Asker: 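Structure in structure tokens, see below.
Fair warning: this is a prediction, and the values are worked out from it, not measured in the lab. Atoms within a ligand are numbered from 1 in the order they appear, just like the ligands themselves.
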Amino acid sequence: MKLIVIGAGYVGLVTGVCLASKGHKVTIVERSKERLDLLKRDVSPIYEPGLEELMKRFHNNIAFVSNLSDGYSGQNIFFLCVGTPQAPDGSADLQDVYDSVESILKYCKEESLLVIKSTVPVGTNNSIQEMVAQRRKKIHVVSNPEFLQQGKAVLNTLYPSRLVIGAEDEYSIGVMKELYKDFNCPTVCVNRASAEMIKYASNNYLALKISYINEVANLCDKTGADVMDVVKGMSFDKRIGSDFLQPGIGFGGSCFPKDTKALLHVAKEHGMEFKTIQSLIEINEDQKYKLIEKAEKKLGNLCDKRIAVLGLTFKAGTDDVRESPAIAIVKRLIECGAEVNAWDKMAIEVCKKKLNHEKITYCNSIEECLKDADACFITTEWTDIVNVDAEVFLNYMKTPFVFDGKNCLNREYLKTHGIIYEGIGCR
Ligand code: UGA
């Protein structure tokens, strides 16, 4: 089948390339010239395992263009994958979505499918369908949310947990099923509003799980319980499971922070207070600074103390620092008057540009980062950080205080070698 994907961000690029790998002919529209230049050379502008290999392998099935007029040659399936960033009031900014719909309306002549993959507030797909009807175009709007995780995006797309099709006519469902026939997963066919809600409810539920276990961890800190043992004990209950119960410094990234606020906003617009979501947003905001509170308890005022921050991305396996708790921590440390040494596996260069301050020293190695530090904060679970030898902490740091914001280090090993260790909800 022939299709056009609008937007070569995480969702659009990965979806387009994975559909091309199943034999479809995919044209991807990307307006950024810088990205387009890379894409045309089969270079991925994002770090995503397996993506570049697929781009190269299925090169003949993929074309990259800078605008719809260059790419449109009668295709009748459009995938809309543009960003929906957070507006100042917490709602989702739909400007790019509506601009893209306008250009599709301009060029599209045949009976077509407009598949919305962008995460949009409940009701948006229906309002797009109304826009289409006003122009008397035969375009069927379908909501088809994605559930891919950064760092595993290719795997999540090729082997999805489920396929959600929000469509309101048999023609659309038929085309969608044909398009995805080589993807082996359960298919949930619902109306457009339910599909949009499935996306928000899923992300918000995962964010809620994280905030819940973070609160349990904070209580463990006060009571002497060990949160890692608590999680283990809970996880054997199949109704609870073990996923998304890793305590730490809170969630970040381009999805959870934005989608929690957007759902809260949707609820408010409908006159409802969504209390669990309101609370989880507050919990997550406070959670970012737990390591600083812990360090202050041990070291006193952090002014002029040197803190080694290991990890800047919002999680391991990505170069993305959007809404990263590590960045919030570095900023707060600076406000406290601390000197910061920072290291990351993937994001040093981008951080040098984004967060430049005389009190921040970006380091080329973990050893350099730890040198003369009064304390070390673990803020991303990179394997290189998880595997740091106790001797390295002891040899390089002024005092071996290690505050583990991801509960990812081998604390028994570190403690027996003289490290003063503290995690979130465990010691
Ligand atoms: C998230 C969802 O997991 C995907 O299903 C969804 O498709 C995607 O958002 C999206 O809407 O596009 P992602 O943002 O890539 O994916 O990241 P996650 O792996 O979910 O992690 C999010 C944050 O939660 C990270 O900061 C991570 O460190 C934190 N986290 C995750 C925890 O603190 N504890 C956990 O147990 C799990």
Asker: So, Tyr72 versus Ser103: side-chain donor-acceptor pair below 3.5 Å or not?
Answerer: no

Asker: Any heavy-atom pair between the side chains of Asp89 and His265 that's under 4.5 Å?
Answerer: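 Contact flag for His265/Asp89 side chains = yes.
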
Asker: Going by distance alone, is a donor N or O of one side chain under 3.5 Å from an acceptor N or O of the other, for Asn144 and Tyr180?
Answerer: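 Indeed, the side chains of Asn144 and Tyr180 share at least one donor-acceptor pair under 3.5 Å.
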
Asker: Do Arg192 and Ser172 pair up side chain to side chain, a donor and an acceptor below 3.5 Å, judged on atom types alone?
Answerer: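 No, because no side-chain N or O of Arg192 sits under 3.5 Å from a partner of the opposite role on Ser172.
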
Asker: Mind listing the N or O contacts between ligand 1 and protein, cut-off under 3.5 Å?
Answerer:
{"unit_1": "ligand 1", "atom_1": "5 (O)", "unit_2": "Phe147", "atom_2": "O", "d": "3.4"}
{"unit_1": "ligand 1", "atom_1": "7 (O)", "unit_2": "Glu146", "atom_2": "OE1", "d": "3.4"}
{"unit_1": "ligand 1", "atom_1": "7 (O)", "unit_2": "Leu148", "atom_2": "N", "d": "3.0"}
{"unit_1": "ligand 1", "atom_1": "7 (O)", "unit_2": "Leu148", "atom_2": "O", "d": "2.9"}
{"unit_1": "ligand 1", "atom_1": "7 (O)", "unit_2": "Lys199", "atom_2": "NZ", "d": "3.2"}
{"unit_1": "ligand 1", "atom_1": "11 (O)", "unit_2": "Lys199", "atom_2": "NZ", "d": "2.6"}
{"unit_1": "ligand 1", "atom_1": "11 (O)", "unit_2": "Asn203", "atom_2": "ND2", "d": "2.7"}
{"unit_1": "ligand 1", "atom_1": "12 (O)", "unit_2": "Glu146", "atom_2": "OE2", "d": "3.0"}
{"unit_1": "ligand 1", "atom_1": "15 (O)", "unit_2": "Gln150", "atom_2": "N", "d": "2.7"}
{"unit_1": "ligand 1", "atom_1": "15 (O)", "unit_2": "Lys315", "atom_2": "NZ", "d": "3.1"}
{"unit_1": "ligand 1", "atom_1": "17 (O)", "unit_2": "Lys315", "atom_2": "NZ", "d": "3.2"}
{"unit_1": "ligand 1", "atom_1": "19 (O)", "unit_2": "Gln149", "atom_2": "NE2", "d": "2.7"}
{"unit_1": "ligand 1", "atom_1": "19 (O)", "unit_2": "Lys315", "atom_2": "NZ", "d": "2.8"}
{"unit_1": "ligand 1", "atom_1": "26 (O)", "unit_2": "Gly252", "atom_2": "N", "d": "2.9"}
{"unit_1": "ligand 1", "atom_1": "26 (O)", "unit_2": "Phe314", "atom_2": "O", "d": "3.0"}
{"unit_1": "ligand 1", "atom_1": "28 (O)", "unit_2": "Lys406", "atom_2": "NZ", "d": "2.9"}
{"unit_1": "ligand 1", "atom_1": "34 (N)", "unit_2": "Gln246", "atom_2": "O", "d": "2.9"}
{"unit_1": "ligand 1", "atom_1": "36 (O)", "unit_2": "Leu245", "atom_2": "N", "d": "3.3"}
{"unit_1": "ligand 1", "atom_1": "36 (O)", "unit_2": "Gln246", "atom_2": "N", "d": "2.8"}

Asker: Could you label the plane-to-plane angle of the Tyr171 and His140 rings as parallel, tilted or perpendicular, counting under 30° as parallel and over 60° as perpendicular?
Answerer: tilted

Asker: Asn156 and Glu146: side-chain donor and acceptor closer than 3.5 Å?
Answerer: no

